[in-house]
Protein chains: 2
Amino acid sequence: MPRAQHSPAAVDATRQRLAALALDIYRVEGLDAISFRRLAEAAGISHTLPYRYFDSKEALLVALRVQCMEHFEQFVRAREPSQAAPMPRIESLAAAYVEYVRAHPADYQLIFSTHQPAINQYPDLLAARRSLFEHAVSVVQHAIDAGVLHGDARVLTHLFWISLHGLMTLHAAGQLVHGLTLEALIAPLVTRMVQTTTSAPTPGPAASKPAPASADVIVLAPRRRKPTA
Amino acid sequence: MPRAQHSPAAVDATRQRLAALALDIYRVEGLDAISFRRLAEAAGISHTLPYRYFDSKEALLVALRVQCMEHFEQFVRAREPSQAAPMPRIESLAAAYVEYVRAHPADYQLIFSTHQPAINQYPDLLAARRSLFEHAVSVVQHAIDAGVLHGDARVLTHLFWISLHGLMTLHAAGQLVHGLTLEALIAPLVTRMVQTTTSAPTPGPAASKPAPASADVIVLAPRRRKPTA
DNA sequence: CTGTAAATTTTACGGTGTTAATTTACGTTC
DNA sequence: GAACGTAAATTAACACCGTAAAATTTACAG
């Protein structure tokens, strides 16, 4: 006798539609413009109905981040050369990364926004990040297998990513210091990244097993201390 | 006849006091807990009086950022070895940077928070950032003058900073991928940073004058193309 | 048609940033 | 010392916001 429940698929579709709408609002008017009431108005529904699709505003923002991350991954994957030497593949990956941030700086800022719940608390976020990261790892692993890179693929990938992210997050937020542009920094950065890892077979103690650093005083590996062995 | 105006010094002092109070709230309860009403209550004043000291909430947040940046610089300067060889000085600077973020992750996140007005729009922010950056530049310049580093000091400093910032911002936001820790990444990162710049005298075309890149297709400098000269 | 449960809207509460009106406090002048 | 004028500070008000609960509409089985 009761009214039939909406199919989970239909609910998911509406959730997607709302998320897409919220993303539109974000892109045009910024983060502060995102609100359930505004979103509901844009969708032509009452201002509490979004609660059927998102547990809270935080959940909505997480959904937006996931959406952006998936788009990011798809963007990067689409620009990957099908057949290429290992290092050019890595460079293409880096180039695609940069290209994405230049094309969608706001989306990138959303993905890596500070003051956001830790990624570990949302399985969807974790999965999206993992997918993107592991893709990069596979490209790096390919270079390692070919003998042109040396070290642990995940650590190496993370090192590459750290540098790229540092540059792109500053660029997207307009925080590069005056006089220095993305164009002036990206080339030397990538050059250094690549050149370091290809030439040096990761000198034992530092890369494979970093200094214990259980105490919080010494953070950097003391470079002048000779290996005890 | 009129009531005496408060001296600018007294007004500044109160502004400082309110900013310090807001920073306390932020550190304990996070960004969303910062509000004029909450701040006013903590300061024992009416909820609109903060407008005497800050044009808007955005201005308050900017003041907090400036406050954190000044503390950051002071923290780093205090840990600088007075006399040391150029490269150890740079390493100490990097270590101090890392130490600060580990000790005050929330403050660091605030300084570099995304979705904040561009730094160029607030002279105070610009000055604070400039001061911190130029300090680092001087340390790098010292190494260049000693002949142990090669290249443009500002570009080189920015490259160092980008990598450190990439790592620390991910660390502070809890966004490092699972299994990889700050401790495991900081040593190889710094090792690579240092090693690259000391060994390579910045191979002409890439570092000094990056590829034109007026079109937005090619971003990376094509590494395999030999210098025409 | 009717009952019933799901879907949706309406109502309500406490909180926010911000502006305008109002009150308070104090130095100057009579 | 009382009255005045102005700066300081508070109060009142508005339009938002997230969220919870109540009220209502809607769609379908019988």
Side-chain angles (χ1 to χ4, degrees), chain A residues 1-19 21-26 28-65 110 113 115-117 121-122, chain B residues 1-19 21-26 28-65 110 113 115-117 121-122:
Chain A
M1 336 142 125
R3 175 176 179 175
Q5 269 184 264
H6 288 180
S7 78
V11 170
D12 280 5
T14 304
R15 198 195 330 271
Q16 277 285 105
R17 172 174 146 261
L18 285 180
L21 213 51
L23 190 55
D24 286 344
I25 295 174
Y26 164 72
V28 173
E29 303 184 40
L31 192 62
D32 292 344
I34 298 182
S35 77
F36 272 23
R37 297 174 122 99
R38 185 113 170 48
L39 173 61
E41 186 192 18
I45 57 180
S46 72
H47 70 278
T48 55
L49 193 52
Y51 273 94
R52 292 268 149 207
Y53 305 98
F54 304 98
D55 287 345
S56 63
K57 183 177 182 181
E58 185 175 287
L60 170 63
L61 292 179
V62 167
L64 293 193
R65 285 175 78 186
L110 185 61
S113 59
H115 306 297
Q116 202 78 25
Q121 302 180 11
Y122 286 85
Chain B
M1 346 148 115
R3 178 175 178 174
Q5 268 183 261
H6 289 182
S7 76
V11 170
D12 280 3
T14 303
R15 199 195 329 270
Q16 279 284 106
R17 172 174 145 264
L18 285 180
L21 212 52
L23 190 54
D24 287 343
I25 294 174
Y26 165 71
V28 174
E29 305 184 39
L31 192 62
D32 292 344
I34 299 182
S35 77
F36 272 22
R37 298 174 121 98
R38 183 114 171 48
L39 174 60
E41 185 192 19
I45 58 180
S46 70
H47 71 277
T48 54
L49 193 51
Y51 275 94
R52 291 266 152 211
Y53 305 98
F54 305 99
D55 287 344
S56 64
K57 183 176 181 181
E58 183 174 288
L60 169 63
L61 292 179
V62 167
L64 293 193
R65 285 175 77 187
L110 184 60
S113 58
H115 305 297
Q116 202 79 25
Q121 303 180 9
Y122 286 85

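Computed from a prediction, not measured in an experiment: that's the story for all the values here.
- For the ring-ring contact (aromatic ring centres under 6.0 Å, His included) test, no residue two or more places apart in sequence or in another chain qualifies with A/H47.
- Between the C1' atom of C/dT18 and the CG atom of B/L60 lies a distance of 14 Å, rounded to the nearest Å.
- Rounded to whole angstrom, the span from the CD1 atom of A/I45 across to the C1' atom of C/dA7 amounts to 12 Å.
- In this structure, the salt bridge (Lys or Arg N to Asp or Glu O under 4.0 Å) partners of A/R38, at least two apart in sequence or on a different chain, are A/E29.
- Separating the NE2 atom of A/H6 from the C1' atom of C/dA5 is a distance of 12 Å, rounded to the nearest angstrom.
- Two end axes, each from the C1' atoms of five base pairs, can be drawn for the helix from C/dC1-D/dG30 to C/dC30-D/dG1; they diverge by 30°, to 10 degrees.
- Partners of A/Y51 by side-chain hydrogen bond (donor to acceptor under 3.5 Å, both in side chains), not counting sequence neighbours: none found.
- Regarding contacts with the backbone of C/dT8, a side-chain N or O of A/Y53 is found under 4.0 angstrom from either OP1 or OP2.
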(message) Counting primed atoms plus P, OP1 and OP2 as sugar-phosphate and everything else as base, spell out the protein contacts along nucleotides 18-26 of chain D at 4.0 Å heavy-atom distance: B, S or - for each nucleotide, 5' to 3'.
(response) BBB-----B

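- In terms of heavy-atom proximity, B/P50 sits nearest to B/L18 at CA-CD1, 4.5 Å.
- For B/E41, the side chain to side chain contact (heavy atoms under 4.5 Å, CB included) criterion is met by no residue, not counting sequence neighbours.
- Distance CG (B/L39) to P (C/dT18): 13 Å, rounded to an integer number of Å.
- Aromatic ring orientation, A/F36 versus A/F54: tilted (interplanar angle from 30° to 60°).
- Atom P of nucleotide C/dT8 and atom CG of A/L49 are separated by 5 Å, given to the nearest angstrom.
- Side chain to side chain, A/E58 and A/Y122 meet the donor-acceptor criterion of an N or O pair below 3.5 Å.
- Contact annotation: the side chain of A/I45 never approaches that of A/L39 to less than 4.5 Å [non-hydrogen atoms, C-beta and beyond].
- Straight-line distance from the CG atom of B/L61 to the C1' atom of C/dT18: 15 Å, rounded to whole Å.
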